[in-house]
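Order of the sequence lines sets the chain letters (A, B, ...), proteins ahead of strands, with each chain counted from 1. FYI, side chains are in, hydrogens and waters are out, and symmetry mates aren't considered; it's all heavy atoms of this structure.
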Amino acid sequence: MPDQPLAETLTASADAFVRFEGVSVTYGSGTAQATPALSPTDLAFARGDFVCIVGPSGCGKTTLMQTLAGFLPPTGGRVSVGGVEVSGPGPDRGVVFQQAALFPWKTVAANAGFGPAMRGLPRTEQKERVEYWLRSVGLWDFRDRYPYQLSGGMQQRLAIARALANEPELLLMDEPFGALDALTREKMQEELHAVWKRRGMTVLFITHSVDEAVYLGTEVVVMSRRPGRILERIPAPFARIAGERDIRRIKAGADFVALREQVLELIWGEGG
Amino acid sequence: MRRLLDRRPWIVTLLSITAVIAAWAIATETGAVSDLLLPTPGELWSGAADLVVNGYKGYSLGAHIGLSLMRVAVGFGIGTIIGTLLGLLMGMSPTIDALAAPYIEFLRPLPQLAYLVLLIIWFGIGETPKIVLLFLAALPVSAVAARDGVRNVSPQRVQAAQSLGASRLQIFRHVVLPSALGEIFIGARLSIGIVYATLIAAEMIAGASGIGWLILDAGRFLRSDYVIAGILLIAAMGMGLDRGLLLAQRRIVHWAGK
């Protein structure tokens, strides 16, 4: 296990931004149907990291993210952000779901400005943020439309803009591109990288696509089958060079393919 | 026929209506059916014109229509507003649901006319018992619709709002309420159908005005022309009420089904 020391150092280090300590989740705990979803898990990462979690479906990766979002209290252990224990959802942690979960009764602009409006920011600042983020995701011209008038890819871009307009320190993404076609998906991966480089927020990104995880993350966390536990943490170099080189050229490169196969083997080895 | 149906369905509808009117004209003009039972088209027309010009028993036709619509508007309006508010509270709070559910579940399947007798004993035969009756007809339907609307709100949208920093009150106002609006409107359309049918029956049982009373009273004098004109009017008003609500629904809940 060559990467075990890395995990341990980070977990122990004081500058870890996000920290899971022995976090476990059992659905229906205390009943006869108690189903363990997540084995006690330790994971920590630093500010500015782009952490991708991959694993087979039902491996508890979404469960892990939900404890960080504050939607699901862990059965055991604790989750903290910046040293403060998570006790519920909050605007410091933006969330993007697989289904965009937009508000169809609000215009594109009102969706993007939802967070700042609810938090009562000054109107001029609300307007500035809406314009900035809608321009960033290429939806400024659609600001007066409604979400149902947008394509799937545009809806997902709006969901990202809505989360980012709050300028959260942490962005949690649960298979955000899972429902998109391959072409749109790669475009979105590039755009997400561009935003991450510009703003430098910390990202936790859940996916079942190994290709996506290896391309996007500064680190790939591989999880086992249910009840999920972390199999291995692998640093990935491509997030740092993305934007300088074309996405197709990165993904066709020998070093990319080698790392992708390494992760795939881990997942397959687990399954077989 | 197949091709005609695909391209111009309204022509087929028109043909269907024309055929029925023609059969009616032939049956009555030839004397095969007595005009005491069924007036000829011409007699119906002049009977309807007479109602429009002279009104019926002290009230103009407009006054009869207006009185009926006023009863619907007040009973349905208050019943739907209070029912919706109650349903929203029931959807949000299991305690309020447990408190109110037995009465709602008792009232909902109960035919309204069953308790009209009691309302007449309590309130006499004026406007009050009719409006209370319509209020009670609208209330449970809209309460159940609003409650289910609140319960069916997408948990992910609520989570999204929470993680964007919305408070509980803001989530209710900006997520739960608009999300329940679709079901509230479906309930309102169901409810106006029930309210309207109840109104016509109530006017027949206890009343001296309104469009329902008009056809019952005209029937006593075998004025089948007035009765049929009245029935056509009741049908048109019913369609108008439903279409009005449908139009409002499409405007307000414009995102539904998209």
(message) Closer than 3.5 angstrom, by distance alone: can the side chain of A/D49 be matched with the main-chain N or O of A/T202 as a donor-acceptor pair?
(response) no
(message) Report which part of A/L172 has an atom under 4.5 Å of a heavy atom belonging to chain B: side chain, backbone, both, or neither.
(response) neither
(request) Name the region of A/Q149, side chain, backbone, both or neither, that has any atom closer than 4.5 Å to a heavy atom of chain B. (result) neither
(message) Are there residues of residues 105-121 of chain A whose heavy atoms fall under 4.5 Å of chain B's heavy atoms? If so, which?
(response) A/W105, A/K106, A/F114, A/G115, A/M118, A/R119
(message) Heavy-atom cut-off 4.5 Å, strictly under: side chain, backbone, both or neither for B/A256 against chain A?
(response) neither
(message) If we define contacts as heavy-atom pairs under 4.5 Å, which of A/A100, A/A159, A/A101 has the most with chain B?
(response) A/A101
(message) Can you tell me which portion of B/S154 sits under 4.5 Å from chain A's heavy atoms? Options are side chain, backbone, both or neither.
(response) neither
(request) Give a yes or no answer on whether the side chain of A/T35 reaches the backbone of A/Q33 with a donor-acceptor pair at less than 3.5 Å. (result) yes
(request) May I ask you to decide if A/L68's main-chain N or O and A/R93's side chain share a donor-acceptor pair within less than 3.5 Å? (result) yes
(request) Verify the distance criterion only: is there a donor paired with an acceptor across the side chains of A/Q189 and A/E212 at less than 3.5 Å? (result) yes
(request) Evaluate the ring planes of A/H193 and A/F50, with Trp represented by its six-membered ring, and classify them as parallel (under 30°), tilted (30 to 60°) or perpendicular (over 60°). (result) perpendicular
(request) Indicate yes or no: does A/R135 engage A/D141 in a salt bridge with an N to O separation below 4.0 Å. (result) no
(message) Salt bridge check, B/E127 against B/R71: does any charged N sit closer than 4.0 Å to a carboxylate O?
(response) yes
(message) Ring centres under 6.0 Å, that's the criterion: do A/Y146 and B/W255 meet it?
(response) no
(message) At a 4.5 Å cut-off on heavy atoms, which part of A/A165 comes close to chain B: side chain, backbone, both, or neither?
(response) neither
(request) Below 4.5 Å from any heavy atom of chain A, which atoms of B/S179 appear? Answer side chain, backbone, both or neither. (result) both
(request) Check whether any side-chain N or O of A/R143 sits under 3.5 Å from a backbone N or O of A/W140 as a donor-acceptor pair, and report yes or no. (result) yes
